[in-house]
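Heads up: the structure comes next, in C-alpha coordinates.
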Amino acid sequence: MSRVTLSRYLIEETRSNHTPADLRFLIEVVARACKEISHAVSKGALGGVLGSAGSENVQGEVQKKLDVLSNEILLEANEWGGHLAGMASEEMDNAYQIPGQYPKGAYLLVFDPLDGSSNIDVNVSVGTIFSVLRCPEGCDSGCDLGEEAFLQPGTKQVAAGYAIYGPQTMLMLTLGNGVKGFTLDRELGSFVLTHDDIRVPESTAEFAINMSNQRHWEEPVKRYVGELLAGKEGPLGKNYNMRWIASMVADVHRILTRGGIFMYPWDAREPEKAGKLRLMYEANPMSFIIEQAGGAASNGKQRILDVQPTSLHQRVPVFLGSKEEVERIAGYHQA
Ligand code: AHG
Ligand code: MN
Ligand code: MN
(Lines give C-alpha, C1' and ligand atoms only; values in the text may rest on other atoms or scores of the structure.)
(Ligands and ions follow the chains in the order given, each with its own letter.)
Protein backbone atom coordinates (compact mmCIF):
# COMPACT_ATOMS: atom_id res chain seq x y z
CA MET A 1 0.00 0.00 0.00
CA SER A 2 1.38 3.41 -0.91
CA ARG A 3 2.10 5.68 2.01
CA VAL A 4 0.17 8.86 2.56
CA THR A 5 2.52 11.72 3.28
CA LEU A 6 1.43 14.99 4.86
CA SER A 7 1.73 16.66 1.42
CA ARG A 8 -0.54 14.12 -0.19
CA TYR A 9 -3.07 14.36 2.62
CA LEU A 10 -3.14 18.14 2.28
CA ILE A 11 -3.48 18.01 -1.52
CA GLU A 12 -6.41 15.62 -1.20
CA GLU A 13 -7.99 17.96 1.38
CA THR A 14 -7.65 20.84 -1.09
CA ARG A 15 -9.12 18.77 -3.94
CA SER A 16 -12.17 17.95 -1.85
CA ASN A 17 -12.52 21.66 -1.07
CA HIS A 18 -11.91 21.29 2.66
CA THR A 19 -8.68 23.24 2.69
CA PRO A 20 -7.81 26.35 0.66
CA ALA A 21 -4.50 26.09 -1.23
CA ASP A 22 -2.84 28.89 0.77
CA LEU A 23 -3.70 27.14 4.06
CA ARG A 24 -2.21 23.94 2.66
CA PHE A 25 0.99 25.80 1.84
CA LEU A 26 1.07 27.32 5.33
CA ILE A 27 0.83 23.89 7.00
CA GLU A 28 3.54 22.51 4.70
CA VAL A 29 5.86 25.35 5.68
CA VAL A 30 5.17 24.91 9.40
CA ALA A 31 5.84 21.17 9.05
CA ARG A 32 9.13 21.91 7.30
CA ALA A 33 10.15 24.23 10.12
CA CYS A 34 9.25 21.53 12.67
CA LYS A 35 11.54 19.09 10.83
CA GLU A 36 14.35 21.60 11.17
CA ILE A 37 13.62 22.10 14.89
CA SER A 38 13.47 18.32 15.36
CA HIS A 39 16.91 18.08 13.78
CA ALA A 40 18.35 20.78 16.05
CA VAL A 41 16.76 19.23 19.17
CA SER A 42 18.14 15.78 18.34
CA LYS A 43 21.72 17.07 18.05
CA GLY A 44 21.69 18.11 21.72
CA ALA A 45 25.13 18.79 23.15
CA LEU A 46 26.75 17.91 19.79
CA GLY A 47 24.98 20.85 18.17
CA GLY A 48 25.81 23.25 21.00
CA VAL A 49 22.09 23.94 21.41
CA LEU A 50 21.61 23.05 25.09
CA GLY A 51 21.47 25.51 27.97
CA SER A 52 20.30 29.05 28.47
CA ALA A 53 20.44 31.85 25.92
CA GLY A 54 21.12 34.36 28.70
CA SER A 55 17.94 36.34 27.96
CA GLU A 56 14.34 36.56 29.21
CA ASN A 57 11.07 36.64 27.27
CA VAL A 58 8.23 39.11 27.85
CA GLN A 59 6.88 36.80 30.58
CA GLY A 60 10.08 36.99 32.58
CA GLU A 61 11.05 33.38 31.79
CA VAL A 62 14.67 32.53 31.05
CA GLN A 63 15.01 31.66 27.36
CA LYS A 64 16.86 28.51 26.41
CA LYS A 65 19.01 28.52 23.29
CA LEU A 66 16.48 26.20 21.66
CA ASP A 67 13.56 28.53 22.51
CA VAL A 68 15.31 31.29 20.57
CA LEU A 69 16.50 29.07 17.72
CA SER A 70 13.08 27.43 17.23
CA ASN A 71 11.43 30.84 17.17
CA GLU A 72 13.86 32.03 14.47
CA ILE A 73 13.33 28.87 12.41
CA LEU A 74 9.55 29.37 12.42
CA LEU A 75 9.79 33.07 11.57
CA GLU A 76 12.27 32.59 8.73
CA ALA A 77 10.34 29.68 7.23
CA ASN A 78 7.02 31.54 7.25
CA GLU A 79 7.77 35.19 6.56
CA TRP A 80 8.40 35.11 2.79
CA GLY A 81 5.74 32.75 1.39
CA GLY A 82 2.89 35.26 1.08
CA HIS A 83 0.44 33.16 3.11
CA LEU A 84 0.59 35.18 6.34
CA ALA A 85 -0.48 38.63 7.49
CA GLY A 86 1.52 38.26 10.71
CA MET A 87 2.83 36.01 13.44
CA ALA A 88 2.92 35.97 17.23
CA SER A 89 4.91 33.79 19.59
CA GLU A 90 5.57 33.02 23.23
CA GLU A 91 9.07 34.33 22.69
CA MET A 92 8.18 37.75 21.24
CA ASP A 93 6.64 40.68 23.14
CA ASN A 94 4.56 41.95 20.22
CA ALA A 95 3.09 40.79 16.92
CA TYR A 96 5.70 40.05 14.25
CA GLN A 97 5.33 42.11 11.09
CA ILE A 98 5.90 40.46 7.72
CA PRO A 99 8.92 42.32 6.26
CA GLY A 100 7.92 44.89 3.63
CA GLN A 101 9.66 43.13 0.72
CA TYR A 102 7.39 40.07 1.01
CA PRO A 103 3.72 39.70 0.03
CA LYS A 104 1.11 39.33 2.75
CA GLY A 105 -1.61 36.70 3.00
CA ALA A 106 -4.86 35.84 4.68
CA TYR A 107 -3.72 34.04 7.84
CA LEU A 108 -2.21 34.66 11.25
CA LEU A 109 0.15 32.12 12.79
CA VAL A 110 0.60 31.92 16.57
CA PHE A 111 3.05 29.52 18.18
CA ASP A 112 4.90 28.21 21.18
CA PRO A 113 8.14 27.43 19.33
CA LEU A 114 9.52 25.08 21.96
CA ASP A 115 7.16 23.75 24.60
CA GLY A 116 8.56 22.05 27.68
CA SER A 117 11.86 23.91 27.66
CA SER A 118 12.71 22.72 31.17
CA ASN A 119 12.99 19.24 29.65
CA ILE A 120 15.47 20.08 26.88
CA ASP A 121 18.64 19.68 28.91
CA VAL A 122 17.46 16.39 30.45
CA ASN A 123 16.61 14.73 27.12
CA VAL A 124 12.86 14.43 27.69
CA SER A 125 10.23 15.05 24.97
CA VAL A 126 9.55 18.64 23.95
CA GLY A 127 7.49 20.07 21.09
CA THR A 128 6.14 22.97 19.02
CA ILE A 129 2.50 24.10 19.28
CA PHE A 130 0.79 26.23 16.62
CA SER A 131 -2.56 27.82 15.89
CA VAL A 132 -3.84 29.33 12.64
CA LEU A 133 -6.42 32.13 12.55
CA ARG A 134 -7.85 34.08 9.64
CA CYS A 135 -6.74 37.67 9.47
CA PRO A 136 -9.72 39.99 10.11
CA GLU A 137 -10.87 42.14 7.15
CA GLY A 138 -8.33 44.71 6.13
CA CYS A 139 -5.44 43.54 8.32
CA ASP A 140 -3.50 42.19 5.33
CA SER A 141 -3.21 45.71 3.91
CA GLY A 142 -0.06 47.83 4.00
CA CYS A 143 -0.35 49.05 7.60
CA ASP A 144 1.29 47.48 10.64
CA LEU A 145 -0.52 44.59 12.21
CA GLY A 146 -1.60 45.20 15.80
CA GLU A 147 -2.22 42.76 18.65
CA GLU A 148 -6.04 43.18 18.25
CA ALA A 149 -6.04 41.19 15.01
CA PHE A 150 -4.97 38.11 16.99
CA LEU A 151 -7.48 38.45 19.82
CA GLN A 152 -10.01 35.98 18.46
CA PRO A 153 -11.57 33.14 20.46
CA GLY A 154 -10.29 29.61 19.82
CA THR A 155 -13.48 28.72 17.94
CA LYS A 156 -12.10 30.90 15.11
CA GLN A 157 -9.03 28.69 14.57
CA VAL A 158 -8.92 27.19 11.08
CA ALA A 159 -6.10 24.79 11.93
CA ALA A 160 -4.01 23.78 14.91
CA GLY A 161 -1.34 21.26 15.60
CA TYR A 162 1.78 20.33 17.42
CA ALA A 163 5.00 18.55 16.69
CA ILE A 164 6.43 16.33 19.38
CA TYR A 165 10.16 15.67 19.48
CA GLY A 166 10.34 12.39 21.37
CA PRO A 167 11.53 8.86 20.58
CA GLN A 168 9.71 9.58 17.31
CA THR A 169 9.03 13.01 15.86
CA MET A 170 5.31 13.30 15.14
CA LEU A 171 3.02 16.00 13.81
CA MET A 172 -0.56 16.02 15.05
CA LEU A 173 -2.91 18.17 13.03
CA THR A 174 -6.51 19.30 12.90
CA LEU A 175 -8.09 21.29 10.08
CA GLY A 176 -11.43 21.17 11.89
CA ASN A 177 -12.51 17.73 10.71
CA GLY A 178 -10.88 15.28 13.09
CA VAL A 179 -7.26 14.77 14.11
CA LYS A 180 -4.58 13.07 12.04
CA GLY A 181 -1.17 11.93 13.27
CA PHE A 182 1.94 11.88 11.07
CA THR A 183 5.28 10.29 11.96
CA LEU A 184 8.52 11.72 10.56
CA ASP A 185 10.26 9.20 8.32
CA ARG A 186 13.83 10.44 8.58
CA GLU A 187 15.02 8.51 5.50
CA LEU A 188 12.21 9.92 3.35
CA GLY A 189 12.35 13.32 5.03
CA SER A 190 8.53 13.32 5.08
CA PHE A 191 5.78 13.16 7.64
CA VAL A 192 3.79 9.98 6.93
CA LEU A 193 0.17 9.46 8.03
CA THR A 194 0.29 6.81 10.76
CA HIS A 195 -2.72 7.68 12.95
CA ASP A 196 -5.79 8.23 10.85
CA ASP A 197 -8.64 9.06 13.18
CA ILE A 198 -7.53 9.87 16.68
CA ARG A 199 -10.15 9.59 19.41
CA VAL A 200 -9.78 10.35 23.11
CA PRO A 201 -11.59 7.70 25.16
CA GLU A 202 -14.57 9.27 27.00
CA SER A 203 -13.64 7.89 30.38
CA THR A 204 -10.22 7.41 31.89
CA ALA A 205 -8.29 6.27 34.93
CA GLU A 206 -5.24 8.49 34.46
CA PHE A 207 -4.57 12.10 35.44
CA ALA A 208 -1.77 14.63 34.98
CA ILE A 209 -1.12 17.56 37.32
CA ASN A 210 1.90 19.04 39.07
CA MET A 211 1.11 17.73 42.56
CA SER A 212 3.77 19.90 44.20
CA ASN A 213 1.38 22.86 43.87
CA GLN A 214 -1.44 21.11 45.74
CA ARG A 215 -1.42 23.45 48.74
CA HIS A 216 -1.92 26.47 46.43
CA TRP A 217 -4.96 25.15 44.53
CA GLU A 218 -8.56 26.28 44.83
CA GLU A 219 -11.15 24.16 46.63
CA PRO A 220 -12.76 22.45 43.56
CA VAL A 221 -9.35 21.22 42.36
CA LYS A 222 -8.34 20.03 45.85
CA ARG A 223 -11.65 18.15 46.12
CA TYR A 224 -11.36 16.55 42.67
CA VAL A 225 -7.72 15.45 43.01
CA GLY A 226 -8.47 14.22 46.54
CA GLU A 227 -11.17 11.97 45.07
CA LEU A 228 -8.80 10.70 42.35
CA LEU A 229 -6.21 9.84 45.01
CA ALA A 230 -8.82 8.08 47.17
CA GLY A 231 -9.15 5.50 44.38
CA LYS A 232 -11.43 2.51 44.68
CA GLU A 233 -12.35 3.32 48.28
CA GLY A 234 -13.31 6.92 47.42
CA PRO A 235 -16.45 8.41 45.80
CA LEU A 236 -15.24 7.70 42.24
CA GLY A 237 -14.89 3.98 42.98
CA LYS A 238 -11.80 3.29 40.87
CA ASN A 239 -8.05 3.57 41.09
CA TYR A 240 -6.33 6.29 39.08
CA ASN A 241 -2.75 6.36 37.82
CA MET A 242 -0.76 9.61 37.58
CA ARG A 243 1.76 10.95 35.03
CA TRP A 244 3.39 14.40 34.80
CA ILE A 245 5.99 15.01 32.09
CA ALA A 246 6.04 18.82 32.42
CA SER A 247 5.90 19.27 28.64
CA MET A 248 2.29 20.03 27.75
CA VAL A 249 2.93 18.58 24.30
CA ALA A 250 3.99 15.22 25.74
CA ASP A 251 1.21 15.09 28.35
CA VAL A 252 -1.44 15.96 25.74
CA HIS A 253 0.06 13.45 23.32
CA ARG A 254 -0.34 10.70 25.90
CA ILE A 255 -3.96 11.73 26.44
CA LEU A 256 -4.65 11.66 22.68
CA THR A 257 -3.11 8.21 22.55
CA ARG A 258 -4.68 6.50 25.57
CA GLY A 259 -6.96 8.99 27.32
CA GLY A 260 -6.61 10.87 30.57
CA ILE A 261 -7.12 14.32 32.04
CA PHE A 262 -4.51 17.10 32.03
CA MET A 263 -4.78 19.96 34.50
CA TYR A 264 -2.89 23.19 35.06
CA PRO A 265 -5.22 25.12 37.36
CA TRP A 266 -4.93 28.65 38.72
CA ASP A 267 -2.96 28.61 41.94
CA ALA A 268 -2.13 31.06 44.70
CA ARG A 269 1.61 31.33 43.97
CA GLU A 270 1.05 34.20 41.54
CA PRO A 271 -2.59 35.10 42.26
CA GLU A 272 -2.70 37.92 39.70
CA LYS A 273 -2.09 35.41 36.88
CA ALA A 274 -5.03 33.34 35.68
CA GLY A 275 -2.87 30.22 35.38
CA LYS A 276 0.48 29.16 33.99
CA LEU A 277 -0.42 28.17 30.45
CA ARG A 278 -1.01 30.67 27.69
CA LEU A 279 -4.38 30.88 25.94
CA MET A 280 -3.36 31.80 22.39
CA TYR A 281 -0.55 29.35 21.69
CA GLU A 282 -0.94 26.57 24.28
CA ALA A 283 -4.52 26.20 25.54
CA ASN A 284 -6.42 27.12 22.34
CA PRO A 285 -4.60 24.90 19.84
CA MET A 286 -4.53 21.97 22.29
CA SER A 287 -8.23 22.44 23.10
CA PHE A 288 -9.12 22.50 19.39
CA ILE A 289 -7.21 19.24 18.86
CA ILE A 290 -8.69 17.57 21.95
CA GLU A 291 -12.26 18.57 20.99
CA GLN A 292 -11.72 17.38 17.43
CA ALA A 293 -10.66 14.03 18.90
CA GLY A 294 -13.89 13.78 20.93
CA GLY A 295 -12.51 15.12 24.22
CA ALA A 296 -13.29 18.32 26.13
CA ALA A 297 -11.37 21.39 27.32
CA SER A 298 -12.48 23.83 30.01
CA ASN A 299 -11.02 26.55 32.20
CA GLY A 300 -13.32 25.28 34.97
CA LYS A 301 -15.96 27.92 34.25
CA GLN A 302 -16.33 27.81 30.48
CA ARG A 303 -15.18 26.03 27.33
CA ILE A 304 -11.64 27.24 26.61
CA LEU A 305 -12.42 27.78 22.91
CA ASP A 306 -15.12 30.31 23.87
CA VAL A 307 -12.81 32.51 25.96
CA GLN A 308 -12.49 35.98 24.37
CA PRO A 309 -8.78 36.86 24.53
CA THR A 310 -7.81 40.30 25.83
CA SER A 311 -4.05 40.07 25.32
CA LEU A 312 -1.54 38.06 23.33
CA HIS A 313 0.19 36.43 26.29
CA GLN A 314 -2.93 35.95 28.43
CA ARG A 315 -2.96 32.91 30.71
CA VAL A 316 -5.78 30.53 31.50
CA PRO A 317 -6.48 27.57 33.81
CA VAL A 318 -6.60 24.36 31.77
CA PHE A 319 -8.54 21.12 32.26
CA LEU A 320 -8.56 18.97 29.14
CA GLY A 321 -8.87 15.38 27.99
CA SER A 322 -11.45 12.65 28.48
CA LYS A 323 -14.94 14.17 28.48
CA GLU A 324 -16.34 12.52 31.61
CA GLU A 325 -13.53 13.77 33.84
CA VAL A 326 -13.38 17.29 32.35
CA GLU A 327 -17.13 17.61 32.90
CA ARG A 328 -16.73 16.39 36.49
CA ILE A 329 -14.09 18.99 37.43
CA ALA A 330 -16.05 21.73 35.60
CA GLY A 331 -19.10 20.68 37.64
CA TYR A 332 -17.12 21.02 40.91
CA HIS A 333 -16.32 24.63 39.94
CA GLN A 334 -20.05 25.31 39.64
CA ALA A 335 -20.97 23.55 42.90
P1 AHG B 1 7.15 26.38 28.01
O2 AHG B 1 8.34 25.50 28.07
O3 AHG B 1 6.69 26.65 26.61
O4 AHG B 1 7.28 27.64 28.83
O5 AHG B 1 5.89 25.58 28.61
C6 AHG B 1 6.03 24.86 29.80
C7 AHG B 1 4.68 24.53 30.34
C8 AHG B 1 4.04 23.27 29.81
O9 AHG B 1 4.66 22.68 28.74
C10 AHG B 1 4.03 22.33 30.99
O11 AHG B 1 2.83 21.62 31.05
C12 AHG B 1 4.21 23.20 32.18
O13 AHG B 1 4.83 24.37 31.74
C14 AHG B 1 5.04 22.56 33.26
O15 AHG B 1 5.02 23.36 34.37
P16 AHG B 1 5.70 22.94 35.76
O17 AHG B 1 7.17 23.06 35.55
O18 AHG B 1 5.14 23.98 36.70
O19 AHG B 1 5.28 21.54 36.11
MN1 MN C 1 4.76 25.88 26.40
MN1 MN D 1 7.81 27.52 24.96
Side-chain angles (χ1 to χ4, degrees), residues 33-34 37-38 40-41 49-53 55-75 87-93 109-131 160-166 172 206-217 221 225 242-256 260-270 273-287 289-290 297 299 304 312-321:
C34 290
I37 297 171
S38 168
V41 167
V49 293
L50 301 186
S52 160
S55 49
E56 278 188 0
N57 65 16
V58 63
Q59 309 169 62
E61 299 160 340
V62 174
Q63 290 179 305
K64 301 274 187 173
K65 285 183 193 160
L66 271 172
D67 287 323
V68 176
L69 181 65
S70 306
N71 194 55
E72 281 166 5
I73 290 174
L74 280 156
L75 293 179
M87 292 183 254
S89 154
E90 178 185 332
E91 305 303 341
M92 296 183 297
D93 304 11
L109 179 66
V110 192
F111 47 83
D112 175 354
L114 219 274
D115 172 68
S117 342
S118 72
N119 280 324
I120 296 170
D121 295 347
V122 292
N123 200 2
V124 170
S125 297
V126 292
T128 298
I129 311 173
F130 64 94
S131 161
Y162 66 82
I164 177 166
Y165 315 119
M172 311 299 278
E206 200 160 79
F207 70 101
I209 193 165
N210 184 339
M211 285 295 297
S212 68
N213 300 324
Q214 188 169 22
R215 68 190 184 284
H216 306 295
W217 297 335
V221 183
V225 175
M242 197 201 89
R243 289 283 185 274
W244 184 250
I245 301 174
S247 291
M248 187 191 201
V249 154
D251 281 308
V252 169
H253 192 72
R254 184 187 60 256
I255 288 169
L256 277 180
I261 177 166
F262 169 92
M263 296 172 272
Y264 214 118
W266 172 90
D267 70 50
R269 286 173 300 165
E270 293 181 287
K273 292 184 179 159
K276 176 171 185 188
L277 299 177
R278 279 63 51 112
L279 176 63
M280 301 292 298
Y281 40 82
E282 291 177 320
N284 268 345
M286 290 312 205
S287 299
I289 295 169
I290 286 284
N299 66 0
I304 286 178
L312 215 44
H313 300 288
Q314 171 175 351
R315 295 167 192 260
V316 67
V318 174
F319 305 92
L320 62 76

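In listed order, ligands and their atoms are each counted from 1.
Pairing each heavy atom of Lys273 with each of Trp266, the nearest pair is O-CD1, 3.0 Å. The heavy-atom pair separating Val58 from Met92 by the smallest distance is CG1-O, 4.4 Å.
Around atom CG of Asn123, no more than 12 heavy atoms belonging to other residues, nucleotides or ligands sit under 6.0 Å away.
Glu282 contributes OE2 as its N, O or S atom closest to the Mn ion (ligand 2).
Neighbouring protein atoms of the Mn ion (ligand 3) (N, O or S, distance under 2.8 Å, waters ignored): Glu90 OE1, Asp112 OD1, Leu114 O.
Just one of Glu61, Gln63, Met280 meets the side-chain contact (heavy atoms from CB on, under 4.5 Å) condition when paired with Glu90; it is Glu61.
For the pair Tyr264/Leu320, no side-chain contact is recorded, criterion being any heavy-atom separation below 4.5 Å from C-beta on. Contact of the Tyr165 side chain with the Leu114 side chain is registered, since non-hydrogen atoms from C-beta on lie closer than 4.5 Å.
Aromatic ring centroids of Phe207 and Trp244 lie 6.0 Å or more apart.
Arg254 has a carboxylate O that lies under 4.0 Å from a charged side-chain N of Asp251, or vice versa, which qualifies the two as a salt bridge.
Ligand 1 is surrounded by Glu90, Asp112, Leu114, Asp115, Gly116, Ser117, Asn210, Trp244, Ala246, Ser247, Met248, Phe262, Tyr264, Lys276, Leu277, Arg278, Glu282, each with at least one heavy atom closer than 4.0 Å.
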Q.
Could you go through Val41 and Ile120, starting from their C-alpha distance and side-chain angles, then the distance that decides it, and tell me whether this counts as side chain to side chain contact (heavy atoms under 4.5 Å, CB included)?
A. CA-CA 8 Å; Val41 167; Ile120 296 170; over 6 Å; no
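Inspection of the Ser131 and Asn284 side chains reveals no N or O donor paired with an N or O acceptor under 3.5 Å.
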